[in-house]
Amino acid sequence: MRRKNKIFSLFVVLLFAMGLATELCSVIASADTPYRTYTVDGYGYTEETQTAYLAKSTIIKFGEQFISGASDMCVTDDGRIYVADTGNKQVIIGTTEGKLIKVIGKGLLKTPMGIYVTEDKHIYVADRDARTVYVFNENGDVLNKYAKPDSPLYGEGLDFLPIKIVVNDAGIMFIVCQSNTNGIVEISPADGGTFLGYFGTNFASTDLQTIIYRAIMTKEQRAKMVGNIPSTPDNLAIDSKGLIYTVTRGDEEKTLKRLNIAGLNMLRGTNNYGYYDVAPAAVAVGNHDNVYVASAQGYIYEYNEQGEPIYVFGGTDDGTQRIGLSTQITSIQVGKDDCIYVLDSDKNQIQVYEPSEFTQKLHTALYLYSKGRYTESREPLAEVLNMNSLFTYANKAMGRAYFQEENYDEALRYAKLSRDYEGYSDAFWEIRNIWLKNNIVALILTIVGIWILFKVIQVLDRRKGILNGVRNLKEKIRQNRLMSNIMYSGYYMRHPIDGSYGISREGRASWAAPSIILVVFTFEFVINKYLCGFLAKTIREGRYELVSDIGTILVAIVVLTACNYLVCTINDGEGTIKKIYTYFCYSLLPYVALTPVIFILSHIVTTNEAFLITLVEVLMYVWTLVIGVLGIKEVNNYTGKETFKVICLTIFTILIVALLAFIIYVLWAQVFEFVSAVFGEAVYRFE
């Protein structure tokens, strides 16, 4: 009997354990989001990070009132949601928990597509088919309505089809009208509605090809072309400062704008990260100087006040009906508690996302930083970095906070971690100024001392010849053929025409000296690529491709020499392959001479002085090109016209060689794949 009881007890315990395990698994599964969260690192690459927002819930109805094809909504600080219920031709007022408060506009509204609620609970509804903007009070009574402005400045042939609306503290309405490419319609409530003009007009984009086509076409042909007109904004939002945010589909890097009172875009370097959605549907302003953009396909982007990306999350519902995925977003709003509300007109629901602990700490840091409380912002930033030390934006904010505290060494370190070039430059500027203030006297004395020492050596050399040994050594070096040819490359760099004559007629062509210059060139190229200053570096830290770099240089010089030799031989050129190899390698000497200057400048200049590097680089490349062209001309005894012809043919030959190499590579890859497949099949059948 006891044995049976023990077996029964063990069976119960096992059942309980299995049930507990199942419950835990279900909890984990429910907490798992159906999408991933990405951020953008300092190099502009997308990388996955912690979940920024959790899919909290879905609102499909308010009370027993379902929404149908809703086009817009507004969430207020008191926890109410106002929905422009387009399909049911009404406005639904409910709570964020899905409780119904009231329905207004029933029987009056035709196609409500935009809605905005002011602090005094005035409800502005943009009704497209009624061609009217209605203003309701909280009880649903019509306070006012605005139709098409009668001002001639509006445009007599333009219809008034309001689809989105926001209102500033002065009661001025900013209205997006369908098919109105002049910009946002600005209407004052004074005198029953005064048209103030168009605001934030988009620019018509064009390209060089279109300009050329239009220039050579006839008037009739131009009339048949698609008109080059600016895009109409798709949606807009307004922040507490009265700044207007707009999103426009297909406007390339200008899809998101922050417009000041003059209608000018304040987002600097608008698309320097390249992460603005090409089809934005809605925009909303956050509570921490941040902004959210939702794409029609379901992706949600969060940016800081400069328009730099912080997060990308969400996605398109593939039919699985998983919470957090959308099909057709038409509006996005942010609640006072930082929850995000996304209206999906296709699924007739509102998705609710709540910020994760990671995001809450980041938002706290953003808020403290925006209020000038830099020291306090470092604590939540440190917690964010403890969760993800590679989170670029947190490193960047930490560096900016240290900079405001005048801790420039730490600011420099965090700016480097986040690839914050501007922050790095500012911190380095301050560090350099401090160093100069502390060492300026010693620096001047050192320069004066070196100058005095130089003059003393000159005087002693004239009187006692203390540098005779150096001159004798220099003369011995010149007598060595290899060293003489290496030194001759300097003469070729300064006097390419006379130097080319030496290569062609005086036996200055060789294999050893040019090869040594090529080795030095390769060495400097690699050093400058991987060890140059932070502001000049364009590759990721810790990634080295030495074999690829060296191989590319060697292949380039071999192909260039061979192709130029073939072309010159056909065109009666006098250059042998040794001479051609010599003047091409000698032409690299400006790079060899000026790269150390660029390398030093990259470690001591800021972004304001980076033009010095560009200036030296332009000089270096132009110098190299000029002496290379002169080498082709003089060594082969060509005229200017013949030189141009040979250069073009050489470039064409190089392209042909590259094409042949690509074809051979593709064919070899197919052969290798075929052999691998046959071998795999043979092994399989043998086994």
Side-chain angles (χ1 to χ4, degrees), residues 442-532 550 553-554 557 561 575-604 616-617 619-621 623-624 626-628 630-631 634-635:
L443 185 62
I444 293 175
L445 291 176
T446 301
I447 295 174
V448 172
I450 293 173
W451 181 81
I452 293 173
L453 179 62
F454 177 74
K455 291 297 182 181
V456 169
I457 292 175
Q458 279 186 328
V459 172
L460 292 175
D461 184 52
R462 284 196 300 267
R463 293 181 180 180
K464 298 184 178 182
I466 63 174
L467 297 179
N468 288 337
V470 176
R471 280 188 286 271
N472 292 333
L473 178 62
K474 184 178 179 181
E475 187 62 29
K476 289 181 180 179
I477 292 175
R478 283 182 176 177
Q479 293 175 0
N480 181 278
R481 184 170 180 80
L482 175 61
M483 297 304 299
S484 177
N485 285 336
I486 293 175
M487 295 176 68
Y488 187 78
S489 65
Y491 179 80
Y492 174 82
M493 181 179 71
R494 299 190 305 273
H495 308 284
I497 295 178
D498 294 339
S500 296
Y501 181 83
I503 294 173
S504 178
R505 299 286 189 270
E506 297 176 353
R508 288 292 184 174
S510 66
W511 293 106
S515 298
I516 291 175
I517 292 175
L518 182 62
V519 169
V520 176
F521 168 84
T522 305
F523 177 77
E524 289 189 359
F525 175 83
V526 170
I527 292 297
N528 189 58
K529 179 178 179 179
Y530 296 106
L531 300 179
C532 66
I550 296 173
I553 293 172
L554 293 179
I557 195 69
T561 301
T576 63
I577 193 166
K578 180 191 288 187
K579 294 176 182 179
I580 293 173
Y581 175 73
T582 299
Y583 67 64
F584 274 141
C585 289
Y586 282 2
S587 299
L588 300 175
L589 204 61
Y591 184 96
V592 174
L594 294 178
T595 295
V597 177
I598 295 173
F599 183 80
I600 294 172
L601 285 175
S602 70
H603 285 86
I604 62 176
V616 177
E617 286 179 341
L619 173 63
M620 178 179 69
Y621 291 126
W623 196 350
T624 298
V626 168
I627 63 178
L630 289 175
E634 298 299 328
V635 171

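All values below come from the heavy atoms of this structure, side chains included, with hydrogens, waters and symmetry mates left out.
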Nearest-0.5 Å distance, [atom1] of residue [X] to [atom2] of residue [Y]:
{"X": "E634", "Y": "Y501", "atom1": "CD", "atom2": "OH", "answer": "11.5 Å"}
{"X": "F454", "Y": "W451", "atom1": "CZ", "atom2": "CH2", "answer": "10.0 Å"}
{"X": "T561", "Y": "Y583", "atom1": "OG1", "atom2": "OH", "answer": "8.0 Å"}
{"X": "I550", "Y": "T522", "atom1": "CD1", "atom2": "OG1", "answer": "7.0 Å"}
{"X": "I517", "Y": "C585", "atom1": "CD1", "atom2": "SG", "answer": "7.0 Å"}
{"X": "L589", "Y": "L594", "atom1": "CG", "atom2": "CG", "answer": "9.0 Å"}

Whether H495 and Y491 hold their rings parallel, tilted or perpendicular, with breakpoints at 30° and 60°: tilted
Using a 3.5 Å distance criterion without hydrogens, assess whether the side chain of [X] forms a donor-acceptor pair with backbone atoms of [Y].
{"X": "Y492", "Y": "I627", "value": "yes"}
{"X": "S504", "Y": "S500", "value": "no"}
{"X": "N472", "Y": "N468", "value": "yes"}
{"X": "S602", "Y": "F599", "value": "yes"}

Could you check I577 against W511 for side chain to side chain contact (heavy atoms under 4.5 Å, CB included), going step by step and ending with a plain yes or no? CA-CA 10 Å; I577 193 166; W511 293 106; 4.1 Å; yes
Looking at R471, I'd like to know if its CZ atom is crowded, meaning that more than 12 non-hydrogen atoms belonging to other residues, nucleotides or ligands lie closer than 6.0 Å. yes
Minimum heavy-atom separation for [X] and [Y], please, with both atom names.
{"X": "A509", "Y": "K579", "answer": "CB-CG, 3.8 Å"}
{"X": "D461", "Y": "L467", "answer": "OD1-N, 3.0 Å"}
{"X": "L482", "Y": "A512", "answer": "CD1-CB, 3.6 Å"}
{"X": "D498", "Y": "Y488", "answer": "O-OH, 3.5 Å"}

Taking the side chain as everything from C-beta on, heavy atoms only, tell me whether [X] gets closer than 4.5 Å to [Y].
{"X": "M620", "Y": "I598", "result": "yes"}
{"X": "Y581", "Y": "S515", "result": "yes"}
{"X": "L518", "Y": "L554", "result": "yes"}
{"X": "T582", "Y": "N485", "result": "no"}
{"X": "I580", "Y": "V635", "result": "no"}
{"X": "T595", "Y": "I527", "result": "no"}

Where do S484 and R508 land on the side chain to side chain donor-acceptor pair (under 3.5 Å) test, with the steps shown first? CA-CA 9 Å; S484 177; R508 288 292 184 174; 2.9 Å; yes
Got a sec, which residues hit salt bridge (Lys or Arg N to Asp or Glu O under 4.0 Å) with K578, two or more places apart in sequence or on another chain? none
